[in-house]
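Inspection log for the structure reproduced underneath, given as structure tokens.
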Amino acid sequence: MKFLSFLTAFVLLTQTPSLAGESLFNGKNLDQWRVASKSKAIHWTVKDGTIHCQSDPKKAGSLLWTKQEFTDFTLILEYKLGKGTIDSGVMLKRPKDQIQIGISGSLKRDLTAAPYIPGKGYPTESKAAIAAVKPVGWNTLRITVTGNTYKTWLNDVEGITYTSETAIARGPLGLQLHAGKDMSISFRNIRIIENK
């Protein structure tokens, strides 16, 4: 039994990060996800193994949430910037704390891989991670949540470490389409490794 546990851990450690863990997206539909009650499903479509997010003419915002809830984990996903001014992010367990993807609407500059905390704005950022963003092609964002501490990496470049006073113990994860933006973004290979 010990050998089997060792073998499992070895396989996870030696796999490409984007292939490790449990898939949160089956590549075919949004059965593992739900659109927030105030949002419209028209913003989120699936094609060719990819979740596509596109703003509507009214530039309404939208949140796409996992049906599962999580506590401590490492989330790995790939995203590709589309058209417009991209203001997106990954919501951490509720529509409060998030990890930014793209341009901050308030600060008007790229803050990818930085935490946005209501009431505090962007308390920390990583210039190295922001510089690693690929404007064309797929980017890999990795987020580790341990208790109330967040860590990020962007294309294998270390981002931030931040301890949040507003973190909650358990909840779903969300993808954000910020209101007031004419934009598109795509996501694929969304996987999670839970720390139990």
Side-chain angles (χ1 to χ4, degrees), residues 17-18 20-22 24-25 32-39 43 53 60-79 81 85-133 139-181 183 185 187 190-196:
S18 63
E22 172 192 355
L24 294 180
F25 171 50
Q32 294 166 276
W33 299 76
R34 63 176 178 81
V35 178
S37 59
K38 294 181 180 179
S39 301
H43 297 110
C53 176
S62 184
L63 292 170
L64 184 69
W65 291 100
T66 59
K67 290 181 179 178
Q68 286 180 267
E69 294 189 347
F70 305 97
T71 303
D72 290 349
F73 57 85
T74 295
L75 176 73
I76 306 114
L77 61 80
E78 293 180 302
Y79 73 87
L81 301 173
T85 301
I86 312 304
D87 189 348
S88 183
V90 177
M91 313 304 289
L92 301 176
K93 305 178 186 177
R94 63 176 179 174
K96 300 276 185 187
D97 291 7
Q98 75 174 82
I99 300 299
Q100 176 75 18
I101 296 175
I103 308 298
S104 158
S106 57
L107 298 183
K108 312 299 182 190
R109 60 187 177 88
D110 196 337
L111 283 161
T112 295
Y116 174 78
I117 310 296
K120 292 183 179 288
Y122 297 88
T124 186
E125 63 183 278
S126 168
K127 292 182 180 178
I130 294 166
V133 173
N139 293 273
T140 301
L141 176 63
R142 181 160 45 114
I143 303 166
T144 295
V145 174
T146 307
N148 60 346
T149 299
Y150 308 147
K151 294 185 178 182
T152 65
W153 292 260
L154 197 286
N155 295 328
D156 292 324
V157 174
E158 187 171 352
I160 59 85
T161 298
Y162 179 73
T163 299
S164 171
E165 297 175 357
T166 54
I168 61 172
R170 186 171 179 84
L173 305 178
L175 302 177
Q176 181 199 42
L177 167 63
H178 201 291
K181 304 295 178 183
M183 57 158 279
I185 188 171
F187 300 92
I190 307 170
R191 307 190 70 84
I192 194 162
I193 303 167
E194 292 189 77
N195 304 327
K196 298 180 178 178

Has the side chain of [X] got a donor or acceptor atom that lies under 3.5 Å from a matching backbone atom of [Y]?
| X | Y | value |
| --- | --- | --- |
| Lys96 | Pro118 | no |
| Trp153 | Thr140 | no |
| Thr66 | Leu173 | yes |
| Asn148 | Thr163 | no |
| Lys93 | Thr71 | yes |
| Asn155 | Ala132 | yes |
| Arg170 | Glu69 | yes |
| Lys151 | Thr144 | no |
| Ser88 | Gln176 | yes |

Pair Gln98-Met91, side chain to side chain contact (heavy atoms under 4.5 Å, CB included): steps then yes or no: CA-CA 4 Å; Gln98 75 174 82; Met91 313 304 289; 3.6 Å; yes
I need the [X] [atom1] to [Y] [atom2] distance, nearest 0.5 Å.
| X | Y | atom1 | atom2 | answer |
| --- | --- | --- | --- | --- |
| Leu92 | Thr166 | CG | OG1 | 9.5 Å |
| Leu77 | Arg191 | CG | CZ | 12.0 Å |
| Ser106 | Leu111 | OG | CG | 8.0 Å |
| Glu22 | Gln32 | CD | CD | 7.5 Å |

Evaluate the side-chain proximity of [Y] to [X]: yes if any heavy-atom separation is below 4.5 Å, no if none is.
| X | Y | answer |
| --- | --- | --- |
| Phe70 | Val145 | no |
| Tyr79 | Thr112 | yes |
| Ile193 | Ile76 | yes |
| Leu175 | Trp33 | yes |
| Ser104 | Tyr116 | no |
| Thr152 | Ser126 | no |
| Gln100 | Asp87 | yes |
| Leu75 | Leu24 | yes |

For [X] and [Y], which heavy atoms make the closest approach, and how far apart are they?
| X | Y | result |
| --- | --- | --- |
| Ala129 | Ala113 | CB-CB, 4.1 Å |
| Ala114 | Thr124 | CB-O, 3.4 Å |
| Thr74 | Arg142 | CG2-CG, 3.7 Å |
| Asp110 | Ile103 | N-CD1, 3.6 Å |
| Trp65 | Pro95 | CH2-N, 3.5 Å |
| Asp97 | Ala167 | OD2-N, 3.6 Å |

Step-by-step side chain to side chain contact (heavy atoms under 4.5 Å, CB included) determination, Ile101 to Phe187: CA-CA 12 Å; Ile101 296 175; Phe187 300 92; 4.1 Å; yes
Audit row: Thr85, His178, side chain to side chain contact (heavy atoms under 4.5 Å, CB included) steps and yes/no: CA-CA 10 Å; Thr85 301; His178 201 291; over 6 Å; no
Exceeds 12 heavy-atom contacts within 6.0 angstrom, atom NZ of Lys120: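 Count not over threshold, so no.
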